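One structure below.
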Amino acid sequence: MDEERLRHVLERIRRQNINYVKLRGLVSRFMTLNPEADPEAIDWTAVYDDSLSYDELVEAFEKEYPMYRWRETAPADDKQIEDMLVNHILNQVEDLTEESLKSLVNALEERLEALRQAETPASPTEQQPEHTQMQHPQHQPPTMTENIQQPAPQPKVTLKLLASYPFLAEAREVVRGVSFEGLPRAVYKRARERLMEALERGELGVVPRLDEPFVELLSFPVAKAVVHTIDDDWLKRRWALAESARVERLLLKENADVSEWLLSRLLEVRREGEEYALRFTDYLKLVEGLTTDISWKLVNQKMSKGWVFLTKTRLIRLIRQRLYRLLYDSFPETPKLKKIPEKIATIVADITEELQKIKSKQTGRSTPIKGVMPPCMKAISDRLADASHTENFVYCAYLVNAGYTVEEIVNLFRIRSDFREDIARYQVEHIAGLRGSRVKYRPPSCSRMRELGLCIENGRLCPPNIHNPLQYRPRQQRQPT
Amino acid sequence: MSFRTVTDAQLVQQLFRIFYERDYVDVFQPFSFERREFGYMPFGQRVMVRHLSFKSFDELRKTLVREAPLHVYRSAALYQYPQAPMEEKGWLGAELIFDIDADHLETGCKPGHDYYVCLSCGQRTGEKTQRCGVCGGETVEVKMVCDTCLEKTKQELLKLIDFMENDFGLSSFTVSFSGNRGYHLAVEAKEVLELGRDARQEIVDYVTGSHISIGFHGLPPSSTYAPDYSDPGWRGRVARGVRRIVLEAGGDERLGRLLGPRQLEELRSMSSLWRDRPRWELLKQGGRSQQLEKLVSLSVDDAASHIDTVVTTDVHRLLRLADTLNGKTGLRAMVVSRDMLEEFNPLRDAVALPEEPTLTVKVFHSPRYMLGENVYGPWENQAQKLPAYAAVYLLCKGLATLA
């Protein structure tokens, strides 16, 4: 933008009694969005009203001067999408021979004819051509199944809907024609923000910003491209987690028609009164990783004839799991950027730096909580004076991994009658990986502990589905949501 | 236990071979036959021959006639390359399998037929031992198939089938007698094939009632919801289970151990009130009495199916091939159709070997046992003339040798 010119415009208004900062924003927005237009054609002071908020001011100017662009998404969402799609397709056919072009035209005409025939029974207002094209089933990822029981009615596909749920085939189709270069600055800014939020907030989710749906929609693939470029597994998981948690929060607030349509796009799910039912096999695939909380265990669900019944809130929690996997698993099939645009490279650098900071804090954090001992270890601890050689080893390996120092462990073993400090220290250091093979030993798995007869009450006192004493956490009974 | 002498083993193998030649027709074949791994235990060896695969059933049958193995197994899993080593097999899915075995159940009759006995002085012990603690003589393990145990495993199987049909909505499965002390159930439904280990563990926990928390099933009763007799799944099971316990209050000895005499009396007095609908509000909760909690936990234990939990979660497991002979008994691990199950008596119906030839064997020790239509034993160091199938039974268990 021409800074000189901006200053010149503002100079004239300056003397009047108005908020200069807000107005500067407005003028600069005008100039960015309308590079060909003359900013002096606008009577800035006449429309300006200091009592209005910035957004209301934009609205006021838009009403007064509708011939100019005032928003990034203006003028018509659908029109813009259509233009982008057509442009994209035209770019792709540039290299075709005349022969191929002719057959393409024929194919398109056939398709058009089929569409016209399919359209006749439907209401004409619902059938805008770009919609029909976007919903063509062949563009849907094969993993998504339509609800075969009772197809949910299709809500109107708006830009806001696509921005909220950018994983939808329709949304992917829209952004497929977009190059990662030369996008509006706000898109890169939002992409960076999404990633920072993912890093900071994790399970709390990226905060949705739907006031500028086009920016929201485009920033999704840009952010994903950044993650793909950095290619760090933890980042991929973190990003998938935060984005799927964002969707979870949106879905919880969504109207029933939209949420049900979306649910049916992701899962075969059946509505039964206030509850939703899904096949137990689907439930089991989704619930993996949640069952350490016993409220998610199959045995604690209402089940009949192979269907698991859930409240909407819990079903949406499962949808988040589904989406998490869908996003995380989508990397291998997404081609990486061949040339990384400068704008993206900047974000890559920022996020990599942030990632390094987080990772440096992570190391040294031991998984088990010091001082909270699983029943099996507690049992050995209680009779340490008489514990067998195996028990000593198991206990020591546990302590080493639970964050106890060699010194602390050696001191614990002092109560043994056969205690000899030099030998004990040597053995503890060995188990801690400070000597010999340099391997830090882990305590045996729960199943091995069972075989050794060291498991207490067959794990009944432990959280379900833990595989190693190190995973033990004190049991908390949670109420169903 | 195994055979006493090579001659014993050879004779039994001969009878097994005749069975595979003559009687092994119209038998169970797992679906996707060529995707299965097969294995067998040869007579007189300790190592299983596995990683086999067959293009057709006929190829398998010919192998069984030629080898006449002691035991025959097949994989629950389907593989891309069934013959490859485990890591390279290419797992494509596996049937959901369940094993119910009397070994894992508590039955009161076990001390009467599972023990070690000294062949010199007849001293019995429940502990595993090779030498008699009294005279130092040689001991032998006695582990018989008993109709009480088999009836108990059948009850567990019926509970399992109820879970499969009513809770899981599964109907395509095969039930077979194991040929020894239990039953197998293999679910062939397509939707279960690709379930992984964790998912199968959840199914195991469901069927065994592990980690069930009644709080998620409407108990203690809330104003909006409490389990009713007609409810599906665990809710209905718990409600019906408590109803039965309350109606029979006093008849159940376990209850006497859990509740004091006063509380037992309370239960008896409310028993008629439970007939038509659950009266949860009459049961004391929490505190010292915990009537509700104790009754619910008893009803969960009653309704749970006591399966062998490790079998189900192992997606590479080999399972006895149904309709082949079990080398521990000589009985046929026969498929039992759902309609025949109530009537089915393994000790009568699974006898597959002929009566002829009559064999004279020296029995070292045998408790009383039932087979076919007859009752045999008990015997101690004596020669007996027995129908072939009854002699094979003792030979397989190492309790007799050819005279």
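Model, not experiment: these values are computed from the prediction. In what follows, every chain begins at residue 1, and chains take the letters A, B, ... in the order their sequences are listed.
- Going from atom CG of A:Leu298 over to atom CG of B:Asp205 covers 9.0 Å, rounded to the nearest 0.5 Å.
- Qualifying ring pair (Phe, Tyr, Trp, His ring centres under 6.0 Å) partners for A:Tyr328, counting only residues two or more places apart in sequence or in other chains: none.
- A:Thr281 OG1 to B:Lys190 NZ: the interatomic distance, rounded to the nearest 0.5 Å, is 12.0 Å.
- Atom CG of B:Asp198 sits about 4.5 Å away from atom CD of A:Glu288, to the nearest 0.5 Å.
- For the side-chain contact (heavy atoms from CB on, under 4.5 Å) test, residues two or more places apart in sequence or in another chain that qualify with B:Glu87 are B:Pro85.
- Under the ring pair (Phe, Tyr, Trp, His ring centres under 6.0 Å) criterion, A:Phe393 pairs with A:Tyr441, sequence neighbours left out.
- For the atom pair A:Leu284 CG and B:Tyr206 OH, the distance stands at 11.0 Å (nearest 0.5 Å).
- Summarising the local packing, CD of B:Glu281 is surrounded by more than 12 heavy atoms from other residues, nucleotides or ligands at distances under 6.0 Å.
- A 6.0 Å sphere centred on CZ of A:Arg383 holds more than 12 heavy atoms belonging to other residues, nucleotides or ligands.
- Heavy atoms of B:Ser210 lying under 4.5 Å from chain A belong exclusively to its backbone.
- Both the backbone and the side chain of A:Lys297 come within contact range of chain B, each with at least one heavy atom under 4.5 Å from a heavy atom of that chain.
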_Working for side-chain contact (heavy atoms from CB on, under 4.5 Å), residues B:Leu170 and A:Phe280_ = CA-CA 11 Å; B:Leu170 296 167; A:Phe280 78 94; 4.1 Å; yes
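- Using a 4.5 Å cut-off between non-hydrogen atoms, the part of residues 229-239 of chain B that approaches chain A consists of B:Pro232, B:Gly233, B:Trp234, B:Arg235.
- Considering every non-hydrogen atom in both B:His217 and A:Val299, the closest pair reads NE2-O, 2.9 Å.
- With chain A as partner, the option from B:Met164, B:Gln201, B:Glu194 having the largest number of non-hydrogen pairs under 4.5 angstrom is B:Glu194.
- Of all heavy-atom pairs between B:Asp167 and A:Met303, the closest is O-CG, 3.3 Å.
- Once rounded to the nearest 0.5 Å, the distance linking OG of B:Ser213 with CG of A:Asn300 reads 5.5 Å.
- The distance from the CZ atom of B:Phe168 to the CZ atom of A:Arg279 is 10.5 Å, given to the nearest 0.5 Å.
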*Is there a side-chain contact (heavy atoms from CB on, under 4.5 Å) between A:Gln301 and B:Phe216 once you walk through the steps?*
CA-CA 7 Å; A:Gln301 309 310 311; B:Phe216 303 114; over 6 Å; no
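- Under a 4.0 Å N-O distance rule, the pair B:Glu165/A:Lys305 does not qualify as a salt bridge.
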